[in-house]
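For reference, the structure is listed below as structure tokens.
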Amino acid sequence: MSNLHCRRVTRSDVAREAGTSVAVVSYVINNGPRPVAPTTRDRVLEAIKKTGYRPNGIARALASGTTRTYGLVVPNISNPFISSMAHALQQEAFAHGQVLLLGDAGDDRQRELELINNLLHRQVDGLLYTSVDRHPYIELIQASGTPCVMLDRVDAGLNVSAIRVDEQAAAFQATQHLIEHGYRDIAIICGPEEMLNTQDRLSGWRQALLQAGLEVRNEWIFPTTYTREGGYLATQQMLKGRLPRALFATSELQAFGCLRALSEQNISVPGQLALVCFNGTVESEYNVPSLTAVRQPVTMMAKAAIEMLKNGNGSCCVQEFAFDLQVGESCGCSPERNKLKR
């Protein structure tokens, strides 16, 4: 049988080795639909071991019309919020008998396109997707006929299913929390201004200030990348001018970078500068000081996203979830209120 190792072993090879028909080999591999005598089954199993046969799961899946795989494309898996969402999606996909294939774009739009093409070529049963710059390749995915669920807000004109929270309302509440502390001078570190979620978060910050009769100071708007480095550099820029009393960072990573820059200048949080952020994870709870942060219900959102892919009938469905402002120490709330639950 040495010649078999030069090519892929087939069920016919197993049948010849076991002295049975190909159909009997199939019955053993699939555990049916017809019964096989124990001695014959043992011969087939021994032949499988001897020939090194491996069932072609992909071919079998395609014959049944499904690959039992989903694709997940994200901007950067090192982001704690994205990794927490990916973990929840993987858990939920596995519970439904699906394998989740991860595509990490590394904040590169061209790589994002290549990942999508690769996953579509593999004929995944559906795509879960967050674009690097919030300008997703929806037309490409829709042309393939592959179901897709976006994991954040997209232009309604794209006619694509999505799960999301109301980021404008969340930003409003986070800023309002700072105002309720009595802070009047409140700056914002946001994402690139052309991105839809940046616009939502900026709008929420503005609305909270205006509703409280506070001035919206354009010089206290610091657009940057949604990264630690972005938050660090934006804070350095902020420190060149008059220091605000409070700050809304529109991502947890930006908040981490901000804290580093403030620490280098011996500026205490919340003593000299109060801080809240968006998209908090467990990292926010264990930071010192613990961060007051908007939290998204990632487990519930993951369940809904997988359900959309499973039961989607081609129609567009957008599901919005309630967010939560988890209070930490960084805003100035009392430590007793913010102790971790043991």
Side-chain angles (χ1 to χ4, degrees), residues 74-86 104-108 132-133 167 170-171 174-175 177-178 181 183 185-193 195 197-198 201-202 204-205 217-296 325-335 337-340:
V74 296
N76 195 320
I77 196 64
S78 67
N79 182 312
F81 172 74
I82 291 176
S83 61
S84 67
M85 177 64 79
D104 180 2
D107 295 318
D108 185 303
V132 166
D133 60 1
E167 299 194 6
T175 307
H177 184 76
L178 292 172
H181 274 281
Y183 305 133
D185 297 331
I186 303 174
I188 182 171
I189 293 177
C190 61
E193 291 182 277
M195 294 173 66
N197 61 356
T198 297
R201 298 172 199 184
L202 262 174
W205 170 78
R217 300 169 62 100
N218 289 331
E219 64 269 28
W220 278 350
I221 299 174
F222 299 94
T224 187
T225 57
Y226 285 116
T227 62
R228 295 176 182 87
E229 182 183 27
Y232 178 81
L233 295 175
T235 303
Q236 286 188 321
Q237 184 66 29
M238 181 181 68
L239 293 175
K240 293 178 182 178
R242 184 165 73 87
L243 187 69
R245 184 58 187 86
L247 174 68
F248 172 40
T250 58
S251 82
E252 183 184 65
L253 289 182
Q254 289 173 334
F256 291 153
C258 170
L259 287 170
R260 172 72 189 197
L262 294 173
S263 176
E264 289 177 354
Q265 299 301 317
N266 296 314
I267 296 172
S268 67
V269 175
Q272 293 170 269
L273 181 75
L275 176 65
V276 299
C277 72
F278 192 87
N279 274 352
T281 68
V282 68
E283 302 293 330
S284 292
E285 297 179 52
Y286 286 88
N287 191 73
V288 178
S290 58
L291 293 176
T292 295
V294 173
R295 299 284 292 267
Q296 297 194 43
L325 184 68
Q326 182 163 316
V327 176
E329 299 159 343
S330 65
C331 62
C333 284
S334 62
R337 181 178 173 185
N338 310 307
K339 282 184 179 177
L340 289 169

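Keep in mind that this is a model prediction, so the values were computed, not measured. Note that the numbering runs from 1 along the sequence shown for the chain.
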Would you name the heavy atoms of Asn76 and Ile82 that are closest together and state the gap between them?
O-CD1, 3.6 Å
Do Pro244 and Leu273 come within less than 4.5 Å of each other through their side chains, counting heavy atoms only?
yes
Looking only at heavy atoms, what is the nearest atom pair of Cys190 and Ile221, with distance?
SG-CG2, 4.1 Å
Residues in side-chain hydrogen bond (donor to acceptor under 3.5 Å, both in side chains) contact with Glu219, at least two apart in sequence or another chain:
Arg217
So do Asp185 and Trp220 actually touch side chain to side chain, heavy atoms under 4.5 Å?
yes
So do Glu229 and Leu233 actually touch side chain to side chain, heavy atoms under 4.5 Å?
yes
Side chain to side chain, Leu239 and Ile267, heavy atoms closer than 4.5 Å
yes
With distance as the sole test, does Thr198 use its side chain to make a donor-acceptor pair with the main-chain N or O of Pro192 at under 3.5 Å?
yes
Given Arg201, which partner from the list Val294, Asn279, Thr175 fulfils the side-chain contact (heavy atoms from CB on, under 4.5 Å) test?
Asn279
Would you call Arg295-Glu285 a salt bridge at under 4.0 Å N-O?
yes
Side-chain contact test, heavy atoms from C-beta onward, threshold under 4.5 Å: evaluate it for Pro223 versus Glu193 and give yes or no.
yes
Measuring from Ser251:OG to Arg228:CZ, what's the distance to the nearest 0.5 Å?
9.5 Å
Report yes if the side chains of Phe222 and Thr235 come closer than 4.5 Å at any heavy-atom pair, otherwise no.
no
Given the rule in the side-chain contact (heavy atoms from CB on, under 4.5 Å) test, do Cys258 and Leu247 qualify, once you have shown the distances and angles that lead to the verdict?
CA-CA 10 Å; Cys258 170; Leu247 174 68; 3.4 Å; yes
Which of Met238, Gln254, Gln237 passes side-chain contact (heavy atoms from CB on, under 4.5 Å) with Ile189? Answer is Gln254
What's the spacing between Thr292 OG1 and Gln326 CD if we round to 0.5 Å?
8.5 Å
Under 3.5 Å, is there a donor on one side chain and an acceptor on the other for Glu252 and Thr281?
yes
So which heavy atom on Tyr183 is nearest to which on Ala274, and how close?
CE1-CB, 3.3 Å
Do Glu167 and Phe278 come close enough that some side-chain heavy atom pair is under 4.5 Å?
yes
Would you please test Tyr226 and Leu253 for side-chain contact (heavy atoms from CB on, under 4.5 Å) and show each step?
CA-CA 7 Å; Tyr226 285 116; Leu253 289 182; over 6 Å; no
First locate atom CG of Leu178, then atom SG of Cys331, and finally report the distance between them rounded to the nearest 0.5 Å.
7.0 Å
Without swapping roles, check the side chain of Glu329 against the backbone of Ser290 for a donor-acceptor pair under 3.5 Å.
yes
Supply the atom-to-atom distance Asp107 CG to Thr225 OG1, rounded to the nearest 0.5 angstrom.
8.0 Å
Closest non-hydrogen atom pair between Cys277 and Ala255, with its separation:
CB-CB, 3.8 Å
From CD1 (Ile186) to CG (Leu275), nearest 0.5 Å
12.0 Å
Taking the side chain as every heavy atom from C-beta outward, state whether Leu291 and Val276 have any atom pair closer than 4.5 Å.
no
Stepwise side-chain contact (heavy atoms from CB on, under 4.5 Å) check, Arg260 with Glu264
CA-CA 6 Å; Arg260 172 72 189 197; Glu264 289 177 354; 3.0 Å; yes
Looking at Ser84 and Phe81, would you say the former's side chain and the latter's main chain have a donor-acceptor pair under 3.5 Å?
yes
Taking it one step at a time, do Val132 and Asp108 satisfy side-chain contact (heavy atoms from CB on, under 4.5 Å)?
CA-CA 7 Å; Val132 166; Asp108 185 303; 5.9 Å; no
For the residue pair His181 and His177, does the interplanar ring angle fall in the parallel (under 30°), tilted (30 to 60°) or perpendicular (over 60°) class?
perpendicular
